[in-house]
Amino acid sequence: MSFLNTIKGFARGSKKQKNGNNNNNMTGGTNFDYDQLHGNPSQLSLNTNANTLYSGNNGSALSLRRTQSPSKQSMKSQRVQSNINRVSNSYGSNSARPLFLCEPFVKTALVKGSFKTIVQLPKYVDYGEWLALNSFETYTHLNQFYGIIVEYSSQEKCPTMNADDNTEYLWIDQTGQPISLSANQYIDYALAWINSKFSDQTVFPTKSNISFPPNFMKDIKNISRQMFRIFAHIYHHHFEIIVHLSLEAHWNSFFAHFISFVREFSLIDSRELEPLQFLIENLEAQGKILVIENQQT
């Protein structure tokens, strides 16, 4: 089964063009055109009314934890409370915390329960196909969100690509040298690079009976890392725009889904997640992301 065939059969997302004349849903075997996605990000709009995972009607279907024994539930509650206390002690009052860690925003979401079972590899689905599909869907949604954010961003506001105050992301140029870019330029480069990977038949083959290349996992991990960096930048520097547009529930659920996926398949090193570690721990405490036992750093 090819990557494109998997998109036809399993994808959940849908995209609506601003002109309203051309709707392409990836479910039900509809052909998907890469060119429709990879245009100018600012021309894409987030269709919050579409019947997608983030349309707000999926809570009951996504309560994924099995009933646990009282002793396990007690141990989990203690661990969760410890995480909450650590976040609270680190930032103190709401006024000292980033906006995305403040209530009610940190608890705002569309989905109840964790994403564990919907990111797990389905039976009879090829491992590489599943990784390719989910990575492509994440890129699609992230591209749409960024198309909204970029209209409120500027090089003057974000002259460097930062997450928190201790993290700056450098772009590796064609000579292999790290260079500092504005956030807008870095994200444009990152999205264009991801686009080129998905469009490359040698990396993501769309013809039947063609296997993924040996470096496929390396490319998937690099794509995941770049997408996380975009998440981190938007959370730290543009979350007020997300709130202003009343999209925090969509954004938080999207991020929880993404983290659940990359954890399930070990696609991002835990050290890379540090700029949003407090948020991840808070989502763990809420049960939106399952706690990983004995997680290695």
Side-chain angles (χ1 to χ4, degrees), residues 12 52-54 56 58-68 72-88 90-91 97-122 130-131 134-135 137-138 141-142 145 163-164 220-221 223-225 227-236 239 242 247-297:
R12 305 182 189 86
T52 68
L53 179 61
Y54 305 107
N58 299 288
S60 60
L62 295 174
S63 183
L64 305 176
R65 289 305 299 269
R66 298 282 188 247
T67 302
Q68 296 179 335
K72 289 185 177 180
Q73 288 179 340
S74 177
M75 292 174 61
K76 177 187 175 184
S77 297
Q78 292 176 6
R79 183 174 61 245
V80 164
Q81 188 59 48
S82 176
N83 284 343
I84 293 175
N85 292 340
R86 190 166 82 87
V87 173
S88 298
S90 297
Y91 283 104
R97 302 180 191 179
L99 184 61
F100 61 85
L101 287 177
C102 297
E103 294 189 14
F105 308 117
V106 72
K107 294 184 177 180
T108 305
L110 297 177
V111 178
K112 296 180 180 178
S114 79
F115 287 88
K116 177 68 174 177
T117 61
I118 65 172
V119 299
Q120 288 178 318
L121 179 66
W130 187 243
L131 294 184
N134 280 271
S135 298
E137 283 193 328
T138 301
H141 289 297
L142 189 59
F145 268 108
D164 56 18
I220 286 288
K221 290 181 178 181
I223 288 171
S224 299
R225 183 169 62 250
M227 290 194 294
F228 174 81
R229 292 179 176 185
I230 298 173
F231 273 111
H233 175 77
I234 291 177
Y235 261 117
H236 279 281
F239 189 71
I242 298 289
L247 293 174
E248 63 270 22
H250 300 77
W251 181 248
N252 287 342
S253 294
F254 179 33
F255 178 70
H257 185 180
F258 170 74
I259 292 298
S260 297
F261 172 70
V262 297
R263 277 187 165 185
E264 178 72 17
F265 298 99
S266 302
L267 299 180
I268 299 182
D269 189 276
S270 59
R271 290 172 294 183
E272 183 78 26
L273 302 177
E274 288 179 0
L276 292 177
Q277 187 59 40
F278 284 128
L279 175 61
I280 292 171
E281 291 176 356
N282 201 303
L283 294 174
E284 288 176 345
Q286 298 175 50
K288 295 181 175 66
I289 299 174
L290 295 190
V291 177
I292 297 179
E293 303 291 349
N294 301 322
Q295 184 178 357
Q296 296 180 352
T297 57

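The structure displayed is predicted, hence computed values, not measured ones.
With values rounded to the nearest 0.5 angstrom, Gln277 atom CD is found 7.0 Å from Glu284 atom CD. Put simply, CG on Leu142 and CZ on Phe255 are 11.0 Å apart, with the number rounded to the nearest 0.5 Å. Taking CD1 of Ile289 as the start and CD of Glu281 as the end, the distance is 10.5 Å to the nearest 0.5 Å. Between atom CG of residue Leu276 and atom CG of residue Leu283 there is a gap of 9.5 Å, rounded to the nearest 0.5 Å. Here His141 contributes atom NE2 and Phe258 contributes atom CZ; the two are 13.0 Å apart, rounded to the nearest 0.5 Å. The line from CG of Leu131 to CG of Leu121 is 8.0 Å long, rounded to the nearest 0.5 Å.
Looking at heavy atoms from C-beta onward, Leu267 lies out of side-chain contact with Arg225 at the 4.5 angstrom threshold. The closest side-chain heavy-atom distance from His233 to Asp164 is not below 4.5 Å. Side chains of Lys288 and Ser114 form no contact here, defined as non-hydrogen atoms less than 4.5 Å apart.
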- After noting the C-alpha distance and the side-chain angles of Phe228 and Ile259, does the key distance pass the side chain to side chain contact (heavy atoms under 4.5 Å, CB included) rule? CA-CA 9 Å; Phe228 174 81; Ile259 292 298; 4.2 Å; yes

- Show your reasoning for whether side chain to side chain contact (heavy atoms under 4.5 Å, CB included) applies to Phe261 and Ser135. CA-CA 9 Å; Phe261 172 70; Ser135 298; 4.0 Å; yes

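Although no hydrogens or angles enter the test, the distance criterion places no donor-acceptor pair under 3.5 Å between the side chain of Asn282 and the main chain of Phe278. One N or O on the side chain of Asn252 and one on the backbone of Thr108 form a donor-acceptor pair closer than 3.5 Å. At distances below 3.5 Å, at least one donor-acceptor pair connects side-chain atoms of Gln286 with backbone N or O atoms of Val106.
Aromatic ring orientation, Phe254 versus Phe145: parallel (interplanar angle below 30°, classes split at 30° and 60°).
In this view, Glu272 and Arg229 satisfy the salt bridge (Lys or Arg N to Asp or Glu O under 4.0 Å) rule, not counting sequence neighbours.
Under the ring pair (Phe, Tyr, Trp, His ring centres under 6.0 Å) test applied with Trp251, the options Phe105, Phe100, Phe239, Tyr235 reduce to a single match, Tyr235.
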